[in-house]
Protein chains: 2
Amino acid sequence: MTGEPAKKPSRIQIRNRRRILDAALEVFSQHGYRGATLDQIAEAAGMSKPNLIYYFDGKAAMHVAVLNTLMEEWLSPLAAIDEAGEPLEEILTYVRRKMEMSRKFPRESRLFANEIIQGAPRMGPNLESGLKPLFDEKCVLIQSWVDDARLAKVDPQQLIFSIWAITQHYADFEAQVRVLIEDETAGWKAADAHVETLFRKLLVPEITSD
Amino acid sequence: MTGEPAKKPSRIQIRNRRRILDAALEVFSQHGYRGATLDQIAEAAGMSKPNLIYYFDGKAAMHVAVLNTLMEEWLSPLAAIDEAGEPLEEILTYVRRKMEMSRKFPRESRLFANEIIQGAPRMGPNLESGLKPLFDEKCVLIQSWVDDARLAKVDPQQLIFSIWAITQHYADFEAQVRVLIEDETAGWKAADAHVETLFRKLLVPEITSD
DNA sequence: TCTGTTTTTTACCATTTGGTAAAGGCACGA
DNA sequence: TCGTGCCTTTACCAAATGGTAAAAAACAGA
């Protein structure tokens with residue numbers, strides 16, 4: 001029923017596909033889909049343009065491949081929020097992991113940012129099917145924590161948006177941050193401390209009287 | 001010393017320049033600099049492509065013109081933070097005005113976001129000369145408020161980043177927000193309340209004992 | 001080593017795109 | 001009414017860009 005035999009990919013295929021995806025990530029994240037050219041990607045991947053087409057069925061397919069490849073990893077910190085854990089600590093851990101990802105994978109962050117800002121023209125369905133269910137699930141979980149007074153009263157949806165906005169800001173708007181903050185290392189340290197404080201103050205549950 | 005005589009622009013010039021800038025804003029904000037085409041802008045402006053070039057010296061010049069035209073207005077809420085005002089109320093007013101701008105001028109927000117994400121290749125100097133002085137000035141002000149215990153201890157730079165990140169998120173990532181939030185009107189209301197709470201909790205000064 | 005298959009490259013090509021040349025249209029004062 | 005100078009458009013162009021054809025090169029199994 002699956003149509004094609006789907007032969008096992010050779011070692012060369014695996015290596016080259018990886019190289020192309022990495023090059024594509026580099027170029028797409030810096031210039032956006034439209035601004036990226038196959039020549040740029042080819043050069044970054046160290047191979048000729050037609051060879052890209054040999055491995056991926058055109059520019060659009062390459063873009064989708066990059067997005068899909070990274071999507072799961074990108075959402076893994078959210079997925080890792082544990083129902084059984086201590087609510088405040090779970091959320092703060094999530095925040096810390098997001099900050100870490102902004103630092104380690106700014107290209108991935110900008111790739112998604114570019115796509116979303118431009119209206120997610122090539123990722124729309126993926127948002128519905130991949131992101132939305134996970135988002136909804138975690139919102140329900142956080143709401144239950146709020147209802148049990150284990151977190152301060154907060155709108156789970158808005159909370160997650162805030163976390164995304166702040167943590168990804170450091171990667172997405174890095175060019176601006178760099179202009180405004182002289183010492184980069186100190187800046188990151190201050191950012192970590194600030195974000196920790198901010199969400200702690202927002203989320204620490206009130207002392208109830210009953 | 002100013003070189004050209006700089007004749008007064010005719011009514012037609014004023015009208016058409018405005019129309020072009022608006023069309024350019026529309027197209028640039030949706031597709032980014034590279035993704036936008038002169039044909040798209042021409043169509044949006046309701047005139048022929050060479051006519052654009054008659055009014056603006058090429059695509060890059062148009063982009064810079066749009067950015068510069070909007071820069072001042074975009075920063076006006078930050079500039080409006082008043083040294084003489086009540087600290088917490090000043091900051092919250094700033095936050096509210098930023099939220100309002102996200103709602104009313106999402107195109108402007110996305111225009112800047114696109115530019116910054118891609119490394120501000122055409123706006124770099126403008127950030128240094130236009131944004132940085134204002135940013136530094138307001139950081140000093142906020143720091144003085146903190147030192148006087150009129151605000152909770154907070155890193156002014158990080159505070160401003162947080163405000164930008166959260167408020168602009170609703171405009172820049174609207175495509176994502178729309179997928180995840182069903183009721184748009186309710187979403188905006190919740191956003192307003194959430195943002196208000198978040199920054200109030202962060203900034204309300206501790207009761208000091210001495 | 002020989003052979004069939006996979007991988008890669010060298011020309012190409014059609015379209016798109018930023019920009020130009022030059023002529024036509026139009027408003028407005030003399 | 002007639003120029004005169006501002007405005008606008010119709011062709012065009014050269015470069016860039018996504019993609020193809022087909023041959024060369026590298027590779028793997030017998």
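These numbers were taken from a predicted model, which means no experiment stands behind them. Every chain is numbered from 1 and lettered A, B, ... according to where its sequence line falls, protein lines coming before strand lines.
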K.L.:
Salt-bridge test for B/R103 and B/D192: reply yes if a basic N is under 4.0 Å from a carboxylate O, no otherwise.
P.N.:
yes
K.L.:
Mind checking ring-ring contact (aromatic ring centres under 6.0 Å, His included) for B/F173 and listing every partner two or more places apart, or none if nothing turns up?
P.N.:
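Listed in chain order: B/H169.
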K.L.:
For the pair made of CD1 in B/I14 and C1' in D/dC7, what is the distance, rounded to whole Å?
P.N.:
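Going from B/I14 (CD1) to D/dC7 (C1'), I get 15 Å.
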K.L.:
With side chain to side chain donor-acceptor pair (under 3.5 Å) as the rule and sequence neighbours excluded, what pairs involving residues 43-55 of chain A come up?
P.N.:
A/N16-A/Y55
K.L.:
Let's see if you get this right: which residues in residues 50-60 of chain B place a heavy atom under 4.0 Å from DNA chain C?
P.N.:
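Here the set is B/P50, B/I53, B/G58, B/K59.
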K.L.:
Pairs under 3.5 angstrom only: tabulate donor-acceptor contacts from the side chains of residues 157-167 of chain B to other protein residues two or more places apart or in another chain.
P.N.:
{"from": "B/Q158", "atom 1": "OE1", "to": "A/Y170", "atom 2": "OH", "distance (Å)": "2.4"}
{"from": "B/S162", "atom 1": "OG", "to": "A/H194", "atom 2": "NE2", "distance (Å)": "2.5"}
{"from": "B/S162", "atom 1": "OG", "to": "B/Q158", "atom 2": "O", "distance (Å)": "2.9"}
{"from": "B/W164", "atom 1": "NE1", "to": "B/Y94", "atom 2": "OH", "distance (Å)": "2.8"}
{"from": "B/T167", "atom 1": "OG1", "to": "B/I163", "atom 2": "O", "distance (Å)": "2.7"}
{"from": "B/T167", "atom 1": "OG1", "to": "B/W164", "atom 2": "O", "distance (Å)": "3.4"}

K.L.:
Measure the distance from NZ on A/K49 to P on C/dT9 and round it to the nearest whole Å.
P.N.:
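For the pair A/K49 NZ and C/dT9 P, the rounded distance is 13 Å.
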K.L.:
Kindly state each residue pair satisfying salt bridge (charged side-chain N to carboxylate O under 4.0 Å, His left out) with at least one member in residues 70-89 of chain A, sequence neighbours excluded.
P.N.:
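Counting only pairs at least two positions apart or across chains, the salt bridge (charged side-chain N to carboxylate O under 4.0 Å, His left out) contacts touching residues 70-89 of chain A are A/E89-A/R96.
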K.L.:
Quick test of your reading: applying salt bridge (charged side-chain N to carboxylate O under 4.0 Å, His left out), list the pairs with at least one residue in residues 21-32 of chain A, sequence neighbours left out, ordered by first then second residue.
P.N.:
A/D22-A/R107, A/E26-A/R107
K.L.:
Sequence neighbours excluded, which residues qualify as side-chain hydrogen bond (donor to acceptor under 3.5 Å, both in side chains) partners of A/E100?
P.N.:
A/K104
K.L.:
What salt bridge (charged side-chain N to carboxylate O under 4.0 Å, His left out) pairs are there with at least one residue in residues 50-67 of chain B, not counting sequence neighbours?
P.N.:
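Qualifying pairs, neighbours excluded: none.
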K.L.:
May I ask you to list the residues of residues 26-47 of chain A, by number, that have any heavy atom positioned under 4.0 Å from an atom of DNA chain C?
P.N.:
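Heavy-atom cutoff 4.0 Å gives A/R34.
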